[in-house]
There are 2 protein chains.
Amino acid sequence: MDCASAIESFLAYLRDHNLPVTAQRQAIAEVVLCSDRHVSADDIERELWARGAAVGTATIYRTLDVMVRSGLVVERDFGEGFRRFEPARDEPNHEHVICTVCGRVVEFRDERLDRMTMLIAEQHDFVRSRHKLVIEGVCGVCRGTRNEERGSAI
Amino acid sequence: MDCASAIESFLAYLRDHNLPVTAQRQAIAEVVLCSDRHVSADDIERELWARGAAVGTATIYRTLDVMVRSGLVVERDFGEGFRRFEPARDEPNHEHVICTVCGRVVEFRDERLDRMTMLIAEQHDFVRSRHKLVIEGVCGVCRGTRNEERGSAI
DNA sequence: CTCATTGCAAAGGATTTGCACTAAT
DNA sequence: ATTAGTGCAAATCCTTTGCAATGAG
């Protein structure tokens with residue numbers, strides 16, 4: 001699903017649920033759904049401010065809530081002390097590799113992992129709802145450069 | 001390594017580094033190192049209070065810092081909004097299954113996982129430092145009982 | 001005696017909430 | 001007109017820090 005149709009889906013979700021379609025919600029949706037990064041609430045706020053369409057912090061969090069509930073956005077916690085959000089893509093379950101230097105996040109999928117975690121949960125008498133795998137390391141860029149360049153999250 | 005010798009190792013670490021061995025540090029070490037759970041700072045504070053040896057919050061965090069630096073304690077973040085700590089066991093790298101109802105944590109090891117994450121990191125031009133896998137699900141107890149019983153974290 | 005630790009309270013960052021005000025339907 | 005959303009500031013939660021008092025070596 002591309003960015004434009006994701007936004008349309010979100011607006012449709014709002015209408016379907018009798019939730020007002022406000023300028024703020026559209027602006028936030030654009031930032032989150034059109035980003036190929038894993039953005040934090042702060043990233044969103046900063047980006048909207050830069051675009052000259054500043055939105056209150058509370059509204060950003062409240063809108064992220066709605067977007068997560070709509071299923072169009074997925075919440076992530078990489079143990080950084082804050083949450084990140086990414087557009088839900090068609091891929092059902094994917095994992096993350098995160099660079100401990102610049103914070104860059106790369107995604108990958110592995111079907112074996114899905115099966116493995118399901119089995120492991122069973123072995124311990126758990127019914128698995130989901131799993132989260134994060135691989136930490138240093139990316140090629142950060143190993144090469146002397147860390148002069150550190151990516152922004154937008 | 002058992003609980004008593006883990007405590008002894010910690011005290012040795014303090015002496016080796018010319019750090020004062022205080023009653024508070026010993027009390028905190030006992031709670032953390034002798035627990036088979038993954039305790040939070042709050043769990044520790046509550047437990048010490050219950051034992052009649054209350055210790056200030058700041059001291060608990062500061063001591064946890066020292067214990068992590070000593071390598072005898074490992075810090076975990078399960079995305080709950082706070083950190084948990086567990087004694088570092090001999091096993092090098094292990095994963096966690098956490099019950100989304102009662103918070104119970106079960107550990108397991110899988111060598112394949114270690115190899116897999118190493119390879120996956122390589123494929124994306126990352127040098128892996130470590131990985132974190134958390135499987136979320138509902139444990140047998142919480143599926144059976146109607147959630148009357150919810151484990152404490154100590 | 002000297003220097004690190006302790007405890008308390010204040011400060012911090014991320015997130016949530018109360019409430020008067022504004023805007024969508 | 002209703003009803004919900006918005007922004008601001010205050011409040012929360014977990015964690016850290018400043019600082020005077022305390023204790024270990």
Side-chain angles (χ1 to χ4, degrees), chain A residues 10-32 38-49 51-70 73-85 103 153, chain B residues 10-32 38-49 51-70 73-85 103 153:
Chain A
F10 179 58
L11 301 187
Y13 174 87
L14 292 175
R15 292 188 203 100
D16 289 354
H17 293 256
N18 294 310
L19 300 172
V21 175
T22 65
Q24 290 89 329
R25 282 175 171 168
Q26 293 187 67
I28 295 167
E30 269 173 42
V31 173
V32 178
H38 298 66
V39 298
S40 64
D42 192 60
D43 290 334
I44 299 166
E45 184 160 17
R46 201 187 312 287
E47 175 65 17
L48 289 172
W49 178 269
R51 292 184 187 182
V55 170
T57 315
T59 300
I60 291 174
Y61 281 104
R62 285 187 283 232
T63 301
L64 284 169
D65 252 18
V66 178
M67 292 201 288
V68 168
R69 247 175 289 137
S70 79
V73 165
V74 180
E75 185 183 326
R76 304 284 176 192
D77 187 332
F78 297 137
E80 301 166 292
F82 56 87
R83 292 172 293 164
R84 292 179 181 269
F85 299 84
Chain B
F10 179 58
L11 301 188
Y13 174 88
L14 293 176
R15 291 189 203 99
D16 287 354
H17 293 256
N18 295 309
L19 300 172
V21 175
T22 65
Q24 290 90 329
R25 281 176 171 166
Q26 293 187 66
I28 295 167
E30 270 173 39
V31 173
V32 178
H38 298 66
V39 298
S40 63
D42 192 61
D43 290 333
I44 299 165
E45 184 160 16
R46 202 187 310 288
E47 176 65 15
L48 289 173
W49 178 269
R51 292 185 187 183
V55 170
T57 314
T59 300
I60 292 175
Y61 281 105
R62 286 187 282 231
T63 301
L64 284 169
D65 252 18
V66 178
M67 292 202 288
V68 168
R69 248 175 289 139
S70 79
V73 166
V74 181
E75 184 184 327
R76 305 283 178 191
D77 187 333
F78 297 138
E80 300 165 292
F82 56 87
R83 290 172 295 163
R84 290 177 181 270
F85 300 83

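Reminder, nothing fancy here: chain letters follow the sequence lines and each chain counts from 1.
For the pair B:Thr59 and C:dG7, the criterion of a side-chain N or O lying under 4.0 Å from OP1 or OP2 is met. For C:dT6, the OP1/OP2 oxygens have a side-chain nitrogen or oxygen of B:Thr22 closer than 4.0 Å. Between A:Gln24 and C:dA23, a side-chain N or O to OP1/OP2 separation shorter than 4.0 Å is absent. For C:dA14, the OP1/OP2 oxygens have no side-chain nitrogen or oxygen of A:Arg83 closer than 4.0 Å.
Nearest to the side chain of B:Pro20, among C:dT5, D:dT6, C:dT17, sits C:dT5. Nearest nucleotide to the A:Tyr61 side chain, out of C:dT15, C:dT6, D:dA24: C:dT15. Between C:dG7, C:dT25, D:dG7, one nucleotide has an atom nearer to the side chain of B:Ala58 than all others, and that is C:dG7.
Side chain of A:Asp65 to backbone of A:Arg62: no donor-acceptor contact under 3.5 angstrom is found.
B:Phe82 comes within 4.0 angstrom of sugar-phosphate atoms only, judged by non-hydrogen atoms across all strands, and of no base. Within the 4.0 angstrom heavy-atom criterion, only backbone atoms of the sugar-phosphate kind lie near B:Arg25; the bases stay farther away.
Atoms CG (A:Asp16) and P (C:dA24) sit 19 Å apart, rounded to a whole Å. One atom, CG of A:Asp77, and another, P of C:dA14, lie 13 Å apart when rounded to the nearest Å. Note: CD (A:Glu80) to P (C:dA14) measures 11 Å, nearest angstrom. In this structure, CD1 of A:Ile44 is placed 14 Å from P of D:dT6, rounded to the nearest angstrom. In this structure, the CD atom of B:Glu45 is 11 Å from the P atom of D:dT15, given to the nearest Å. Rounded to a whole Å, the CG atom of B:Leu11 is 10 Å from the P atom of D:dG25. Across the protein-nucleic acid pair, A:Leu19 atom CG and D:dT6 atom C1' stand 15 Å apart, rounded to whole Å. Following rounding to the nearest Å, B:Asp42 (CG) and D:dT15 (C1') show an atom-to-atom distance of 12 Å.
Annotation for B:Glu75 and B:Phe85: closest pair CG-CE2, 3.8 Å, computed over non-hydrogen atoms. Scanning all heavy atoms of the two residues, the minimum distance from B:Val66 to B:Arg25 falls at CG2-NH2, 4.4 Å. Between B:His38 and B:Arg84, the shortest heavy-atom contact is O-NH1, 2.7 Å.
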- request: Just do the side chain to side chain contact (heavy atoms under 4.5 Å, CB included) check on B:Ile28 and B:Thr59 with the steps written out, would you?
  value: CA-CA 9 Å; B:Ile28 295 167; B:Thr59 300; 4.2 Å; yes

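At a cut-off of 3.5 angstrom, counting only N and O atoms as typed in the model, there is a donor on one side and an acceptor on the other between the side-chain of B:Arg62 and the base of C:dG7.
Remark on DNA chain D: of its neighbouring residues B:Val21 and A:Thr63, the 5'-side contact belongs to A:Thr63, judged by nearest-heavy-atom nucleotide.
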